[in-house]
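Hydrogens, waters and symmetry mates play no part in the numbers below; they use all other heavy atoms, side chains included.
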Amino acid sequence: MTASATGPLGGQRILLCVGGGIAAYKALELVRRLREAGAQVQVAMTAGAQQFVTPLSFQALSGHPARTTLWDSSAEQAMGHLELARWADRVVVAPATADLLARLAHGLADDLVSTLCLATEAPLAVVPAMNHRMWQHPATVANVAVLRARGAQVIGPDDGPLAEGESGPGRLREPDAIVAELASTTAVQAGPGLLQGLKVVVSAGPTYEDLDPVRYLGNRSSGKMGFAVAASAARQGAQVVLVAGPVQLETPPGVRRVDVRSAAQMREAVSAALPADIYIGAAAVADYTPRAFSPNKIKKTGTGETLAVDLVRTPDILAEVARREDAGLKLVVGFAAETDNIADYARQKLAAKRLDLIVANRVGVPGAGFESDDNAMTAYWPGGERDFPPAPKVRLADGLVELVAQRLQA
Ligand code: CTP
């Protein structure tokens with residue numbers, strides 16, 4: 001059994017975390033299938049998993065010692081657990097027991113597997129296996145929803161005969177089917193993606209600046225463009241952190257999402273996500289925020305016929321990021337929504353904010369802009385530009401990510 005770089009998972013480094021259920025024996029077969037599909041595999045086991053299968057079996061099949069505890073100094077010397085978390089291009093938890101799903105949903109870090117899952121920035125896939133009543137329990141349903149909302153891929157479970165003679169949803173999906181599902185979310189089916197191995201931070205959506213406990217200043221950004229760009233970058237093999245303002249959108253597969261509300265929170269979250277190779281500022285960040293938040297609801301009585309709200313400028317996250325020398329950025333991309341003089345304003349922003357690329361679109365016309373699924377835009381960079389004719393945002397995002405990959409090589 002040799003790893004082939006051209007298989008459907010060619011070149012991917014997969015950290016397989018094995019949970020403590022009877023289906024753990026199938027994880028042995030999964031290691032074989034992952035390697036046949038071209039992946040490199042390292043295995044970490046929970047204490048429970050070791051009651052069902054031995055680390056030695058995983059070592060024989062994966063070609064690497066299986067990791068079993070945080071407290072093994074010789075294993076830590078070879079590759080520390082944080083290094084292992086960084087090594088992984090993706091993390092697959094199989095079988096994911098009810099207990100393990102709960103611990104992942106709550107961000108616990110009380111053993112090796114939970115710590116690895118918390119420490120990694122790689123996309124997470126969970127492959128649940130458990131008794132059908134445990135799978136259908138509201139607690140498990142809620143935990144799975146939390147993981148999904150964070151961008152985890154949930155594979156299975158299948159319906160059918162379970163241990164102890166019962167039957168229902170809870171069977172671990174067959175190893176071949178797991179590999180097929182993992183491959184279906186892999187960047188590009190053949191060969192590495194255009195952004196393989198790069199870390200991309202994307203901001204998306206509006207920000208809400210609170211005035212009092214019931215009111216805020218917001219804008220009409222839907223987040224669709226930023227979410228489409230994040231999804232496209234992930235399909236091209238990038239490790240993506242999506243910092244999202246308040247929007248009602250599903251997290252794209254394989255993307256790590258951080259939800260924020262205000263411009264100040266967005267600035268914090270973007271800063272915490274750095275260093276990265278690429279920053280794409282697609283969010284419509286409020287340029288002004290109320291000078292003071294009123295802890296009590298602002299009443300009409302006492303304010304009269306007019307109300308002046310004192311606003312102060314927010315820091316320009318994009319310009320700040322572009323200036324940072326410790327962020328490791330190779331490319332900084334901004335957006336500009338304009339109603340007129342598009343090219344002039346966009347080029348001014350490109351220079352003033354020291355960007356590598358700016359994407360400008362016309363707002364205030366029907367069939368494009370904020371809430372629309374379609375858009376048209378022009379990208380400008382020093383010495384060049386490219387028009388993207390009207391198309392669905394999902395298609396435009398693919399085109400933009402391709403351009404980003406080209407500009408990286410320039
Ligand atoms: N941006 C940011 N932080 C801010 C404001 C804007 O990061 N506080 C980023 C946006 O994510 C976007 C770009 O800057 O990539 C938009 O630039 P901006 O100059 O704010 O554009 P407009 O809002 O169109 O500005 P203006 O009102 O000056 O036209």
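The stretch residues 400-410 participates, sequence neighbours left out, in no salt bridge (charged side-chain N to carboxylate O under 4.0 Å, His left out) pair at all. Listed by first and then second residue, the salt bridge (charged side-chain N to carboxylate O under 4.0 Å, His left out) pairs that reach into residues 110-131 are Arg103-Asp110, Arg103-Asp111, Glu121-Lys199, Glu121-Arg256, sequence neighbours excluded. Pairs engaging residues 344-355 under the side chain to side chain donor-acceptor pair (under 3.5 Å) rule: Asp316-Lys353, Glu338-Lys349 [sequence neighbours left out]. Residue pairs meeting the side chain to side chain donor-acceptor pair (under 3.5 Å) criterion with at least one member in residues 238-252, sequence neighbours excluded: Thr251-Arg257. Residue pairs meeting the salt bridge (charged side-chain N to carboxylate O under 4.0 Å, His left out) criterion with at least one member in residues 149-159, sequence neighbours excluded: Asp158-Arg173.
Minimum interatomic distance between Ala98 and Thr140 (heavy atoms only, all atoms of both residues): CB-OG1, 4.2 Å. Nearest heavy atoms, Ile298 versus Arg215: O-NH1, 3.2 Å. Smallest separation of non-hydrogen atoms from Val91 and Cys17: CG1-SG, 4.0 Å.
Between the OH atom in Tyr279 and the CG atom in Leu318 there is a gap of 6.0 Å [rounded to 0.5 Å]. Atoms CG and CG, on Asp287 and Leu217 in that order, are 12.0 Å from each other to the nearest 0.5 Å. The NE2 atom of His106 sits 10.5 Å away from the CG atom of Leu101 when rounded to the nearest 0.5 Å. For the atom pair OG1 (Thr289) and OH (Tyr208), the distance works out to 14.0 Å, reported to the nearest 0.5 Å. For the atom pair Leu408 CG and Ile278 CD1, the distance stands at 4.5 Å (nearest 0.5 Å).
Summarising the local packing, OH of Tyr25 is surrounded by 12 or fewer heavy atoms from other residues, nucleotides or ligands at distances under 6.0 Å.
Applying the side chain to side chain contact (heavy atoms under 4.5 Å, CB included) criterion to Thr339, with sequence neighbours excluded, gives Val363.
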Test log, rule side-chain hydrogen bond (donor to acceptor under 3.5 Å, both in side chains), inputs Thr207 and Glu209:
CA-CA 6 Å; Thr207 64; Glu209 309 301 318; 2.9 Å; yes

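Counting only distance, with no hydrogens or angles, the side chain of Thr68 and the backbone of Met45 share no donor-acceptor pair below 3.5 Å. In terms of modelled atom types and a separation under 3.5 Å, the side chain of His137 and the main chain of Ala139 share a donor-acceptor contact. Checking side-chain atoms of Asp210 against main-chain N and O of Asp212 turns up no donor-acceptor pair under 3.5 Å. The backbone N or O of Trp87 sits less than 3.5 Å from a side-chain atom of Arg13, completing a donor-acceptor pair.
With Tyr216 as the aromatic partner, Arg261 meets the cation-pi criteria of under 6.0 angstrom to the ring centre and within 45 degrees of the ring axis.
Residues Leu34 and Leu9 have side chains in contact (heavy-atom distance under 4.5 Å, counting atoms from C-beta outward). Under the 4.5 Å side-chain criterion, counting only non-hydrogen atoms from C-beta, Tyr380 is not in contact with Leu357.
Remark: Asp374 does not engage Lys393 in a salt bridge, criterion side-chain N to carboxylate O under 4.0 Å. A salt bridge between Glu36 and Arg33 is present, with a side-chain N of the basic residue lying under 4.0 Å from a carboxylate O of the acidic one.
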